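Structure record follows, encoded as structure tokens.
Quantities reported herein were computed from a predicted structural model and do not represent experimental measurements.
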Amino acid sequence: MKTKIISAANQKGGVGKTTTLVNLGAELARKRKVLVIDLDPQGNCSKTLTGQRDFKFEDTVAALFDKPKVVSIVDLIQPAKLNGNSIENLYVAPADVQLSRVIETSLTKINRERILEKQLAKLGDTYDFILLDTPPNLSLTTLNAIQASDLILIPVDSGAFSLDGISPLLEAVSEIKDDEGNYLILRNEVDSRNAIINEFIDEELEVVQDKLLPVSVRRSEHVGQANAVSSPVRFYKSGSLVNNDYRKLAAFLLNLM
Ligand SMILES: Nc1ncnc2c1ncn2[C@@H]1O[C@H](COP(=O)(O)OP(=O)(O)OP(=O)(O)O)[C@@H](O)[C@H]1O
Ligand SMILES: [Mg+2]
């Protein structure tokens, strides 16, 4: 299988980029080999997938962006872990706060938006899926992710959603990629009891109907609980309804790509 690269992006914070990628990764890993790359200095998906909070600089994505000619992505990849045990088929290249300084100093590098794409080429088709977690801004690592991606997944929450909010991201996508069709919007934290808000969001999304994923992710307390113990929901409460949503999302993407 040719590697499929998917990033989660939305410059709005807290919409579920990290949570979605982690849980999508865990579901895809049931059948496929999956690598999650953390491109966010907040390091949230690194914490969940390693149980670790701090990393040696040379073990992180920061080293890669700092010295792309010397450091290889291959050197950063480690098995994802749960309570110290490796999770089958799931791997992570971590990041932490050290990445923010490197992003600033990389702004003068030539071809800086293609650093990641070039590195991923080194992996050949080792992984079936590579999932990229991006920060809540259009910084250098986000642009690298867009450049390298086959598909950009845009989670939107059920709060004050507006299409205006994601238009800078969509502009960046169409500027970087020739093919403008490679993004899909995912409704996250959907509460079916909240009819008025749902109707409002449906109206707002009408103009991008063809970009809206037919699968959405419900709001569930199990998501926060699983995050709190650094676990994908799949291992925390496999029977949870929200995990069915992640499973359906994984099945849809497996079928699509
Ligand atoms: N489906 C869900 N149900 C309940 N809580 C959720 C759900 N999805 C995400 N959350 C919660 O929302 C918060 C933000 O999620 P997350 O960190 O994934 O967002 P993010 O977009 O990655 O944020 P940032 O922009 O800071 O990186 C977390 O506390 C997470 O537990
Ligand atoms: Mg995040």
Can you name the nearest heavy-atom pair linking [X] to [Y], along with the distance?
X    : Y    : result
I103 : S139 : CD1-OG, 4.2 Å
L76  : E58  : CD2-O, 3.4 Å
P41  : P135 : CD-CB, 4.2 Å
A26  : P232 : CB-CB, 3.6 Å

Donor-acceptor pair, distance only, cut-off 3.5 Å: does the side chain of [X] make one with the backbone of [Y]?
X    : Y    : result
N10  : I154 : no
T48  : N44  : yes
K4   : K2   : yes
S238 : F235 : no
E203 : N198 : no
N243 : G239 : no
Q52  : D54  : yes
S86  : P79  : no
K17  : S7   : no
D59  : F55  : no

Tell me, please, which residues at least two apart from [X] pass salt bridge (charged side-chain N to carboxylate O under 4.0 Å, His left out).
X    : result
R30  : E27
E117 : R114
D150 : none
R218 : D245

Test item: [X] and [Y] side chains (from C-beta on) under 4.5 Å apart, heavy atoms:
X    : Y    : value
D128 : V34  : no
K33  : T126 : yes
Y236 : N23  : no
T141 : T134 : no
L120 : T3   : no
N188 : S216 : no
L253 : L256 : yes
M1   : R32  : yes

query: Do NZ/NE/NH1/NH2 and the carboxylate oxygens of K12 and D157 come within less than 4.0 Å?
result: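 D157 and K12: salt-bridged.
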
message: One thing to verify: whether R187 and D202 come together as a salt bridge, which I'm taking to mean a side-chain N less than 4.0 angstrom from a carboxylate O.
response: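 Result for this pair is yes, salt bridge flagged.
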
Let me confirm one number: the [atom1]-[atom2] distance from [X] to [Y], rounded to the nearest 0.5 Å.
X    : Y    : atom1 : atom2 : result
Q209 : I185 : CD    : CD1   : 9.5 Å
L138 : E171 : CG    : CD    : 9.5 Å
S106 : K67  : OG    : NZ    : 10.0 Å

field: Option from L28, L90, I130, I77 for which side-chain contact (heavy atoms from CB on, under 4.5 Å) with V36 holds
entry: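 Looking at L28, L90, I130, I77, the match for V36 under the side-chain contact (heavy atoms from CB on, under 4.5 Å) is L90.
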
query: Who else is in I196's hydrophobic cluster (ILVMFWY, side-chain heavy atoms under 4.5 Å, direct or via others)?
result: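 Joined to I196, directly or through intermediates: none.
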
- prompt: Step by step, would you call L49 with V22 a side-chain contact (heavy atoms from CB on, under 4.5 Å)?
  reply: CA-CA 8 Å; L49 291 177; V22 164; 4.1 Å; yes

In this structure, would [X] and [Y] fall into the same cluster of hydrophobic residues linked by side-chain contacts under 4.5 Å?
X    : Y    : answer
I152 : L132 : no
L170 : I201 : yes
L99  : I115 : yes
V92  : Y246 : yes
V217 : F252 : yes

- prompt: Regarding T18 and D133, is there a side-chain donor-to-acceptor distance under 3.5 Å anywhere?
  reply: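 A pair is found: one side chain offers a donor N or O, the other an acceptor, under 3.5 Å apart.
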
Count the heavy atoms of every other residue, nucleotide or ligand shown that sit under 6.0 Å from [atom1] of [X], and state whether that count exceeds 12.
X    : atom1 : answer
K56  : NZ    : no
E88  : CD    : no
K81  : NZ    : yes
K109 : NZ    : yes

message: Could you go through V102 and F57, starting from their C-alpha distance and side-chain angles, then the distance that decides it, and tell me whether this counts as side-chain contact (heavy atoms from CB on, under 4.5 Å)?
response: CA-CA 11 Å; V102 174; F57 181 82; 3.8 Å; yes

Test side-chain hydrogen bond (donor to acceptor under 3.5 Å, both in side chains) applied to T60 and D96, step by step: CA-CA 7 Å; T60 68; D96 63 11; 4.8 Å; no

message: Taking ring-ring contact (aromatic ring centres under 6.0 Å, His included) as the cut-off, I'd like each qualifying pair that reaches into residues 80-133, sequence neighbours left out, listed once.
response: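 For residues 80-133: Y91-Y127.
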
message: For a side-chain contact (heavy atoms from CB on, under 4.5 Å) check, start with the C-alpha distance between N144 and L39, then their side-chain angles and the critical distance, and finish with the verdict.
response: CA-CA 9 Å; N144 266 271; L39 297 168; 5.6 Å; no

message: One pair to check against side-chain contact (heavy atoms from CB on, under 4.5 Å): L186 and V156. What are the steps and the verdict?
response: CA-CA 6 Å; L186 172 73; V156 299; over 6 Å; no

